[in-house]
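Worksheet for the structure shown next.
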Amino acid sequence: MAALLLTGFEPFGSFATNPSWDALVRAREIGLLANLDAQLALIPVTYDGAFAALQRAVDTHRPRVAVSFGLHGGLSGREADMIYLETTARNRDGAQKADNAGITRPEQPIEPGAPATAACTLAVPALLSALQAAGFRASASDNAGAYLCNHLFFRGARAFQGQIAYGFVHVPPVKSMGGILDLDALARAMGIIAQVVSASGT
Ligand code: PCA
């Protein structure tokens with residue numbers, strides 16, 4: 001049993017690295033997760049593999065809370081230094097770009113017959129205040145796109161409903177990729193998120 005599971009994605013598309021994973025590893029390296037009983041899992045950017053990897057990690061570690069992180073690079077309308085707490089997963093695929101296995105999904109429901117949305121069950125207001133109090137720009141979002149981030153979020157939110165608290169956070173590109181935050185700053189933000197969800201149980 002672990003208190004907390006944190007996941008990040010592998011690189012995809014034109015990105016050589018993915019800070020949603022790199023900053024988690026960095027957070028662990030510099031001790032920001034030390035007292036939290038947290039486990040990390042790397043998620044592939046494939047429609048076939050993403051949720052399977054998350055489910056495997058949940059089965060292995062049996063966390064009380066899980067948070068998945070993804071990179072919002074390439075999503076339209078996203079601000080370069082903003083951390084987005086995704087409140088609402090949508091029951092549809094349909095991004096134009098292929099996944100890392102070369103698969104492009106037409107616009108179609110992820111789970112036919114299921115409701116159009118599924119909610120994040122983390123304490124979003126508490127997370128926003130904690131991040132903002134530490135000087136980060138953070139905002140709630142109700143649209144995680146139509147690619148792997150939304151896909152994983154929807155499938156996780158459906159599968160873990162009533163069992164473990166689960167939510168999704170979109171992080172910005174880091175400095176080395178032309179962004180504004182450096183990797184250590186993003187690692188600190190992830191450390192804050194981990195602290196808050198551990199403390200609140202959600
Ligand atoms: N971001 C993509 C998928 C993987 C990631 O880190 C997205 O926003 O869907």
Side-chain angles (χ1 to χ4, degrees), residues 5-28 40-57 66-111 117-118 120 122 137-159 166-183 185-187 189-190 193-194:
L5 173 68
L6 303 170
T7 79
F9 276 104
E10 67 184 6
F12 64 101
S14 57
F15 300 108
T17 60
N18 192 328
S20 70
W21 174 248
D22 298 345
L24 279 180
V25 171
R26 185 72 186 138
R28 181 172 57 189
L40 306 187
L42 176 63
I43 306 294
V45 181
T46 61
Y47 290 104
D48 274 356
F51 177 67
L54 175 61
Q55 180 72 71
R56 237 179 357 258
V67 185
S68 292
F69 292 89
L71 170 66
H72 67 59
L75 266 184
S76 68
R78 299 298 173 120
E79 293 183 46
D81 60 346
M82 189 74 85
I83 295 166
Y84 292 92
L85 303 175
E86 302 291 353
T87 59
T88 310
R90 292 169 190 254
N91 186 9
R92 50 111 174 81
D93 291 321
Q96 309 272 311
K97 53 183 182 266
D99 72 7
N100 283 357
I103 304 295
T104 307
R105 289 233 166 143
E107 198 165 320
Q108 63 185 21
I110 296 169
E111 191 185 331
T117 60
C120 162
L122 304 177
R137 294 190 70 223
S139 144
S141 154
D142 67 0
N143 189 348
Y147 192 45
L148 263 301
C149 288
N150 176 73
H151 185 93
L152 181 71
F153 181 24
F154 184 81
R155 295 200 57 191
R158 292 277 301 156
Y166 179 63
F168 195 94
V169 179
H170 254 132
V171 302
V174 289
K175 247 186 196 149
S176 59
M177 314 163 73
I180 292 171
L181 294 182
D182 65 24
L183 190 66
L186 189 56
M190 288 176 165
I193 291 168

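Bear in mind the structure is a predicted one, so any value in this text is a computation, not a measurement. When a ligand or atom number is given, it counts from 1 through the structure's own listing order.
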Item to check | Whether H170 and H72 hold their rings parallel, tilted or perpendicular, with breakpoints at 30° and 60° | outcome: perpendicular
Next on the checklist: Less than 4.5 Å apart, side chain to side chain, heavy atoms only: is that true for Y166 and L54?
Outcome noted: yes
Checklist outcome for this item: heavy-atom search around atom 9 (O) of ligand 1 in the protein gives C149 N, 2.9 Å
Checklist entry - Which is closest to atom 1 (N) of ligand 1 by heavy-atom distance: L148, L71, D99, V171? => result L71
Checklist entry - Which of the atoms of ligand 1 are close to H170, meaning less than 4.0 Å from one of its heavy atoms? => result 7 (C), 8 (O)
Next on the checklist: Taking the side chain as everything from C-beta on, heavy atoms only, tell me whether W21 gets closer than 4.5 Å to L40.
Outcome noted: yes
Checklist entry - Hey, is ligand 1 close enough to N18 that some N/O pair sits below 3.5 Å? => result yes
Checklist entry - Would you say the side chain of L6 lies within less than 4.5 Å of the side chain of R28, judging by non-hydrogen atoms? => result no
Checklist entry - For ligand 1, which atoms sit closer than 4.0 Å to a heavy atom of G70? => result 6 (O)
Item to check | Contact with ligand 1 for E10, non-hydrogen, under 4.0 angstrom | outcome: no
Item to check | Expected output: side-chain Y84 to main-chain A144 donor-acceptor under 3.5 Å | outcome: no
Item to check | N or O pair under 3.5 Å between F12 and ligand 1 | outcome: no
Next on the checklist: Below the 3.5 angstrom mark, is there an N/O of A144, backbone or side chain, next to an N/O of ligand 1?
Outcome noted: no
Item to check | Check: N100 side chain, P11 main-chain N or O, donor-acceptor pair, under 3.5 Å | outcome: yes
Checklist entry - Can you tell which part of H72 has a heavy atom less than 4.0 Å from ligand 1: side chain, backbone, both or neither? => result neither
Next on the checklist: Pairs of nitrogen or oxygen atoms closer than 3.5 Å, one from N150 and one from ligand 1: do any exist?
Outcome noted: no
Checklist entry - What class does the angle between the rings of Y147 and F12 fall in, given that below 30° is parallel, 30 to 60° is tilted and above 60° is perpendicular? => result tilted
